[in-house]
Amino acid sequence: MSDFIEIIVRTTCSFFLFMVIAFFLGKQALSRMTLHHFIATVTLGSITANLAFNIRNEAWQVATAMITFFCIAFALSIITLKSRKVRKWLSGKPTVIIEDGKISEENLRLNRYTLDTLNHALRQKDIFDIQEVQYAVIEPNGEISILKHPPYRYVTKKDLNIFIKEGSHFPIELIMEKKILINNLENNGLTKDWLLSELTKRGLTVTNVFYAVKGTNGQLYFDVYNDRLTSPIDNETGHH
């Protein structure tokens, strides 16, 4: 029973320790990882598992190893921010695999890419005809970036000389689950009285609102609890 309790305690401690380390390593280590991010994450995961389950090792020893490795990974992340050469060495650099519509067989081989892998990556970018591609680059995180030949690129509003209204802003969340987000109001020069006035105009109260947001175009959107949806998608009790 004591071993059982020890595992629970060690697992809880390892979870929170890993959370703290992940926070300090930053979002980049948690998203699409470069080579040294991958190594750091896998190794830290292994050490965390040992802290949680390997009761033959003293907890402080494993925790020390975990913190030491974190210090190494954190130091490397700082160095890569300041030194482009080190960043290239640790994280790798982009590699062109298609240039002017021509495949570089040598770069494919160096990156362990087969034609099947390349075609699969292109299809994921909605490209089924390789002749559409002007440039294709393998990024340090393994993703492929594509530049199409001009005739195959999407038309933009600028291409069509369509007037674009300036001054769009990031959406401002106003209410979430009946709670007014006071900080969001204050940080954007809005007041609670203004929000309550807008609710009154629509015959709503704060307790009616599940979600409210001021969109990028300045328009207000309110989602209420009683939407009166007639055809809910997931309704297990609504079978006839």
Side-chain angles (χ1 to χ4, degrees), residues 18-49 66 68-171 215-217:
F18 194 87
M19 287 286 289
V20 170
I21 289 175
F23 173 80
F24 282 104
L25 284 180
K27 294 179 180 178
Q28 187 173 230
L30 304 176
S31 57
R32 300 199 180 277
M33 298 178 288
T34 58
L35 182 60
H36 89 273
H37 287 130
F38 173 76
I39 293 170
T41 305
V42 170
T43 306
L44 280 170
S46 176
I47 297 174
T48 303
M66 192 174 182
T68 301
F69 195 84
F70 157 69
C71 292
I72 295 171
F74 187 74
L76 286 176
S77 68
I78 297 297
I79 294 171
T80 55
L81 285 174
K82 296 184 176 182
S83 172
R84 193 162 184 262
K85 288 183 179 180
V86 175
R87 184 163 62 247
K88 283 184 176 181
W89 182 70
L90 287 175
S91 302
K93 58 184 180 179
T95 304
V96 176
I97 55 174
I98 297 178
E99 184 173 356
D100 270 338
K102 298 176 182 178
I103 299 173
S104 171
E105 294 84 0
E106 180 66 13
N107 285 349
L108 278 181
R109 184 183 63 80
L110 290 175
N111 285 273
R112 308 294 189 272
Y113 252 67
T114 65
L115 281 174
D116 288 335
T117 307
L118 175 61
N119 284 324
H120 173 71
L122 292 176
R123 287 194 296 271
Q124 287 186 314
K125 299 287 185 178
D126 296 325
I127 297 173
F128 288 81
D129 295 310
I130 201 166
Q131 61 265 28
E132 295 180 16
V133 181
Q134 185 172 9
Y135 288 97
V137 179
I138 301 178
E139 303 293 353
N141 61 10
E143 287 289 301
I144 285 189
S145 298
I146 302 294
L147 177 65
K148 293 182 179 182
H149 283 291
Y152 300 103
R153 296 176 194 170
Y154 291 116
V155 177
T156 65
K157 291 184 178 180
K158 185 176 180 180
D159 295 330
L160 300 174
N161 292 320
I162 296 176
F163 173 74
I164 303 173
K165 184 179 179 181
E166 299 291 339
S168 294
H169 302 284
F170 198 79
T216 56
N217 56 3

Taking only residues two or more places apart in sequence, or in another chain, which ones meet Glu139 in a side-chain contact (heavy atoms from CB on, under 4.5 Å)?
-> Pro94, Val137, Asn141, Ser145
With sequence neighbours left out, write down each residue that passes side chain to side chain donor-acceptor pair (under 3.5 Å) with Glu105, or none if nothing qualifies.
-> none
Please test Tyr135 against Ile97 for side chain to side chain contact (heavy atoms under 4.5 Å, CB included), starting from the C-alpha separation and ending with a verdict.
-> CA-CA 8 Å; Tyr135 288 97; Ile97 55 174; over 6 Å; no
Which pairs pass salt bridge (Lys or Arg N to Asp or Glu O under 4.0 Å) with one or both residues in residues 106-116, sequence neighbours excluded?
-> Glu106-Arg109
For Pro150, what residues pass the side-chain contact (heavy atoms from CB on, under 4.5 Å) criterion, not counting sequence neighbours?
-> Gln134, Arg153
CG (Leu108) and OG1 (Thr117) are apart, to the nearest 0.5 Å, by 9.0 Å
Might you point out which heavy atoms bring Gln131 and Tyr152 nearest each other, and give the distance in Å?
-> O-CE1, 4.3 Å
Would you be so kind as to tabulate the donor-acceptor pairs closer than 3.5 Å made by side chains of residues 118-128, with sequence neighbours excluded?
| unit_1 | atom_1 | unit_2 | atom_2 | d |
| --- | --- | --- | --- | --- |
| Asn119 | ND2 | Leu115 | O | 3.2 |
| Lys125 | NZ | Ile144 | O | 3.2 |

Roughly how far, to the nearest 0.5 Å, is the CG atom of Leu110 from the OG atom of Ser104?
-> 8.0 Å
Residues passing the side chain to side chain donor-acceptor pair (under 3.5 Å) test with Thr95, sequence neighbours excluded, are none
